[in-house]
Amino acid sequence: MQATAYICLVIATLCWGGNSVAGKLAVGHISPMMLTFLRWFLAVALIALISVPQLKKDWPIARKNLPLLLCYGAIGYTLFNAMLYSAVQYTTAINVAIEQAGIPMLIFLLNFVFFRTGISLAQCFGFAITLVGVALTAAHGDLATLLQLQLNRGDGLMLIAIVAYSLYTIFLRWKPRVDWRTLMAFPAFAAMLTSLPLLLWEAGRDAAQWPDQAGWSITLYMAIFPSLLAQILYIKGVEAIGANRAGLFINLVPVFGTLLSVALVGETLQSFHMVSLALTLGGIAIAEIGRPKASAPTVPASPVD
């Protein structure tokens with residue numbers, strides 16, 4: 001079960017690493033809120049094609065848990081991605097990817113505050129190493145510059161995104177026992193609906209941009225991989241090993257995001273990026289190896305296969 005969970009989480013974070021890069025590539029080809037709405041519109045259409053019979057079967061359970069399922073989509077999907085796509089308007093894809101390393105730390109903190117989930121000293125040490133890696137990247141290799149650090153608009157938007165996805169992850173402990181298609185369909189539908197006001201707001205500012213050919217390609221990628229595949233695999237990972245341990249794998253997003261940014265966006269890979277990535281990977285390994293032995297999933301198993 002653990003090996004399967006690891007594979008699911010690695011593939012999910014690879015998709016999300018590409019999500020950060022795709023958001024950067026989308027600049028000039030499609031506006032952020034248009035991208036947010038269209039990716040979920042396409043995701044809903046795709047999941048509906050394969051889910052209608054299962055949705056009818058699961059409807060009695062889904063109806064009882066409808067507020068929670070819609071909340072998953074509004075917070076974990078719409079709010080997170082809307083803030084992410086807006087943030088990349090002001091900062092680099094590499095920085096956005098690595099700043100997401102704050103999500104696991106916040107997941108641990110929220111789980112401890114609200115549910116008293118145990119944390120080992122090794123996990124704390126692993127977090128500390130990860131934070132050094134994040135700080136190193138934010139400071140562009142010179143930690144002394146953090147003394148004069150001024151938060152820009154992109155950093156503020158990413159902070160909102162980080163809080164949103166951390167809340168979504170810990171809320172997964174209450175997910176209903178339904179098929180994976182149902183678990184994906186309702187949040188995706190909620191994400192589509194809640195992204196519509198954002199699109200209207202963007203259009204009201206005359207900032208909405210209909211996608212060109214490249215924009216459609218980026219939107220389709222996001223609808224299939226970060227929206228559907230990654231979300232399902234992440235849920236399966238959380239289900240198998242718990243939110244705290246699964247959340248640690250989000251630290252792989254900077255690794256994949258950095259490599260994909262260099263390969264696709266043309267950003268420069270510098271030595272401090274490599275050191276930061278090494279620290280991030282080291283933090284994951286230390287925290288996972290030194291986890292509390294009684295660590296268990298924080299969500300009930302469900303028949304998602």
Side-chain angles (χ1 to χ4, degrees), residues 14-49 70 73-100 151-165 168 184 187-231 253 256-258 260-268:
L14 175 61
C15 294
W16 285 331
N19 186 47
S20 299
V21 179
K24 191 68 175 181
L25 290 172
V27 176
H29 299 284
I30 181 174
S31 56
M33 300 311 154
M34 180 72 74
L35 176 59
T36 303
F37 173 76
L38 288 180
R39 73 174 279 189
W40 289 113
F41 177 83
L42 292 177
V44 168
L46 291 171
I47 197 69
L49 289 175
L70 297 180
I75 296 177
Y77 299 173
T78 299
L79 183 58
F80 173 78
N81 285 289
M83 294 301 100
L84 177 81
Y85 299 153
S86 298
V88 296
Q89 305 287 315
Y90 307 101
T91 188
T92 67
I94 288 179
N95 279 352
V96 167
I98 295 181
E99 283 169 359
Q100 292 182 64
L151 296 178
N152 60 35
R153 187 180 302 181
D155 294 324
L157 294 173
M158 276 307 300
L159 177 61
I160 297 174
I162 289 168
V163 172
Y165 211 79
Y168 162 75
M184 190 67 247
F189 181 71
M192 183 187 71
L193 291 181
T194 53
S195 63
L196 183 57
L198 298 175
L199 175 59
L200 295 176
W201 168 79
E202 186 178 64
R205 297 173 58 245
D206 293 325
Q209 179 185 359
W210 189 255
D212 55 17
Q213 183 175 355
W216 277 116
S217 298
I218 293 169
T219 304
L220 184 60
Y221 163 81
M222 289 184 169
I224 296 174
F225 294 97
S227 298
L228 295 179
L229 179 62
Q231 297 294 353
V253 173
F256 295 131
T258 297
L260 292 172
S261 293
V262 172
L264 301 176
V265 181
E267 296 186 8
T268 302

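Contact record, Tyr77 with Pro187: CE1-CB, 3.3 Å, taken as the closest heavy-atom pair. The two residues Ala230 and Pro226 make their nearest non-hydrogen contact at CB-O, 3.6 Å. Ala190 and Gly73 get closest at one heavy-atom pair: CB-CA, 4.2 Å. Nearest heavy-atom pair across Ala164 and Leu79 is CB-CD2, 3.7 Å. Tyr221 and Cys15 get closest at one heavy-atom pair: OH-O, 3.2 Å. Residue Leu228 comes nearest to Met184 through the heavy atom pair CD2-CG, 3.6 Å, listed as atom of the first residue, atom of the second, then distance.
Under the 6.0 Å cut-off for aromatic ring centres, Phe80 and Trp16 do not qualify, their centroids lying 6.0 Å or more apart.
With sequence neighbours left out, Ser195 forms a side chain to side chain donor-acceptor pair (under 3.5 Å) with no residue at all. In this structure, the side chain to side chain donor-acceptor pair (under 3.5 Å) partners of Ser227, at least two apart in sequence or on a different chain, are Arg39.
To the nearest 0.5 Å, atom CG of residue Leu260 and atom CG of residue Asn19 are 11.0 Å apart. For the atom pair Thr194 OG1 and Phe37 CZ, the distance stands at 10.5 Å (nearest 0.5 Å). Here Ile162 contributes atom CD1 and Leu157 contributes atom CG; the two are 11.0 Å apart, rounded to the nearest 0.5 Å. The line from CE of Met192 to OG1 of Thr36 is 13.5 Å long, rounded to the nearest 0.5 Å. One distance of note links CG of Leu14 with CG of Leu229; it measures 9.5 Å at 0.5 Å rounding. The line from CD1 of Ile75 to OH of Tyr168 is 11.0 Å long, rounded to the nearest 0.5 Å.
Under the 4.5 Å side-chain criterion, counting only non-hydrogen atoms from C-beta, Ile30 is not in contact with Trp216.
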Can you list, pair by pair, the side-chain donor-acceptor contacts under 3.5 Å of residues 198-209, counting residues two or more places apart and other chains?
residue : atom : partner : partner atom : Å
Glu202  : OE1  : Ser31   : OG           : 2.7
Glu202  : OE1  : Met34   : N            : 3.2
Glu202  : OE2  : Met33   : N            : 3.1
Gln209  : NE2  : Gly28   : O            : 2.8

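Counting non-hydrogen atoms of other residues, nucleotides and ligands closer than 6.0 Å to CZ of Phe41 gives a total of 12 or fewer.
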